[in-house]
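Reckoned from all heavy atoms, side chains included, excluding hydrogens, waters and symmetry mates. Every chain is numbered from 1, with letters handed out A, B, ... down the list of sequences.
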Amino acid sequence: MPELPEVETVRRGLEPVFTGSGLAQVELRRADLRFPFPQGFAARLAGRRVEALKRRAKYLLGELDSGETLIMHLGMSGSFRIDADDPEGAYHRAVTTKPAHDHVVFHFTSGASVTYNDPRRFGFMLLVPRGEMAAHPLFNGLGVEPLGPELTPQRLAEELRGRKAPLKAALLDQRIIAGLGNIYVCEAMHRSYLSPLRAAGTLVDAKGKPKRGLVDLVEAIRQVLGEAIEAGGSSLRDHRQTDGSLGYFQHSFRVYDREDAPCPTPGCRGHVSRVIQSGRSTFFCRDCQK
DNA sequence: CTGTGTTCCTGTTCGC
DNA sequence: TGCGAACAGGAACACA
């Protein structure tokens, strides 16, 4: 379920637990997720402290006092569950059937534990020395943070200039903007009245400057991500919602997963269409998105 | 280099 | 109710 807003929500939920006390022990219930766990994974974590829990794109980054960074990616179906103060494992002993797909359990010295669950196992965890992060294949060449100061219409114009790929594909390309996924790309294009089918380069003028639509798009991206994080943050308050579920914000989707629904744009008489682009569903309105 | 299609894996939903 | 097909939020990889 996780796109950037969900990962950020998860980060905020996990931060107090991960940085609040040391790691006592880490339990691996299988040898791999999407990739094999690195050599000595559990041993390299045991006894360490997490000094900060950060996020880059859809990656969670736990900075360890050993100088290594714990990289965690939730893939399509990853989630974390917090079990507070369970020093003797009483809860788990009381539960006769273990929840399926619990693959990693972090035990903290405080007695709390955090369990990573991932049915499809598209997620992964790695350990990389801090100094090697920037050059690591996962991060080298990663695009700008959509909520950071580097995402400007001018910067996007430089990236999109001359590109023939559909706008939808360009926005999903993590080398251009890092952290946008299928849902929020659809939502941002609808909010800025841009067709996902048009060539990305058509948003740039002959001088390489952003056209009006591109300015609107950047604004829409910021807006929709911001609103989703806010909604996630409010669903965090009742706690245990560290699963990165879309929370209440999914009721706010204007086009995503709303095929045939009336277009929510005021005054627009169109309906939401669904098409497949590079193997993934795109939802948009043919009438008001040009 | 650019753009597209396939693939990893399991669970849920939908039509018959 | 059962059963197969379609589809799912990511992104690495192979290939034209």
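No contact: A:Pro137 has no heavy atom under 4.0 Å from any strand. Within the nucleic acid shown, A:Arg121 comes within 4.0 Å of sugar-phosphate atoms alone, with no base atom in reach, counting heavy atoms only. Contact annotation for A:Arg175: no contact, since no heavy-atom pair falls under 4.0 Å across all strands. Residue contacts for A:Tyr59: at a heavy-atom cut-off of 4.0 Å it reaches the sugar-phosphate backbone alone, with no base atom in range. A:Leu4 comes within 4.0 angstrom of nothing in the nucleic acid, heavy atoms only. Using a 4.0 Å heavy-atom distance criterion, A:Gly181 is classed as a sugar-phosphate-only contact.
Distance, A:Gln277 CD to B:dG3 P: 14 Å, rounded to whole Å. To the nearest angstrom, P of C:dA11 lies 15 Å from CE of A:Met72. The CG-P distance, from A:Asp102 to B:dG11, rounds to 13 Å in whole Å. The CZ-C1' distance, from A:Arg161 to B:dC1, rounds to 17 Å in whole Å. To the nearest angstrom, P of C:dG10 lies 10 Å from CG of A:Leu180. Atom CE in A:Met76 sits about 8 Å away from atom P in C:dA8, given to the nearest Å. Whole-Å rounding puts the A:Ile71 CD1 to C:dA12 C1' distance at 15 Å. In this entry the distance linking CD of A:Glu259 with P of C:dA8 reads 10 Å, nearest Å.
At C:dC7, none of the side-chain N or O atoms of A:Ser281 fall inside 4.0 Å of OP1 or OP2 (strictly under the cut-off). Not one side-chain nitrogen or oxygen of A:Lys164 sits closer than 4.0 Å to the OP1 or OP2 atom of B:dG3. Considering only side-chain N and O atoms, A:Arg280 lies nowhere under 4.0 angstrom from the phosphate OP1 or OP2 of B:dG5.
The one candidate from A:Gln154, A:Arg161, A:Arg155 that meets the side chain to side chain donor-acceptor pair (under 3.5 Å) condition with A:Glu158 is A:Gln154.
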Can you check side chain to side chain contact (heavy atoms under 4.5 Å, CB included) on A:Leu194 and A:Phe284, steps first, answer last? CA-CA 9 Å; A:Leu194 294 171; A:Phe284 74 113; over 6 Å; no

Show your working on side-chain hydrogen bond (donor to acceptor under 3.5 Å, both in side chains) between A:Lys290 and A:Ser195 and close with a plain yes or no. CA-CA 5 Å; A:Lys290 300 299 184 186; A:Ser195 169; over 6 Å; no

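As rounded to the nearest Å, B:dT6 and C:dA6 have P atoms that lie 14 Å from one another. Nucleotides B:dG5 and C:dC7 have their P atoms positioned 15 Å apart, rounded to a whole Å.
Residues A:Ile276 and A:Phe35 each lie close to DNA chain C; by heavy-atom proximity, the contact nearer the 5' end of the strand is made by A:Ile276. Summary of the strand contacts: A:Pro166 and A:His101 both lie near DNA chain B, and taking for each the nucleotide with the nearest heavy atom, the more 5' one is attributed to A:Pro166.
Distance check: A:Leu53 CG to A:Leu70 CG gives 8.5 Å after rounding to the nearest 0.5 Å. Once rounded to the nearest 0.5 Å, the distance linking SG of A:Cys263 with CZ of A:Arg286 reads 13.0 Å.
Each of C:dA8, C:dG10, B:dT4 was ranked by its minimum atom distance to the side chain of A:Ala165; first place goes to B:dT4. You'll find that the side chain of A:Asn182 is closest to C:dG10, out of C:dA12, B:dG11, C:dG10.
Interface remark: the A:Arg120 side chain does form a donor-acceptor pair with the C:dA8 base, using a distance-only criterion of under 3.5 Å.
A:Phe122 does not qualify as a stacking partner of the C:dA11 base, lacking a centre-to-centre distance under 5.5 Å together with planes within 30°.
Around atom OH of A:Tyr193, no more than 12 heavy atoms belonging to other residues, nucleotides or ligands sit under 6.0 Å away.
In this entry B:dT4 has C:dA14 as its Watson-Crick or G-U wobble partner, both defining distances falling under 3.5 Å.
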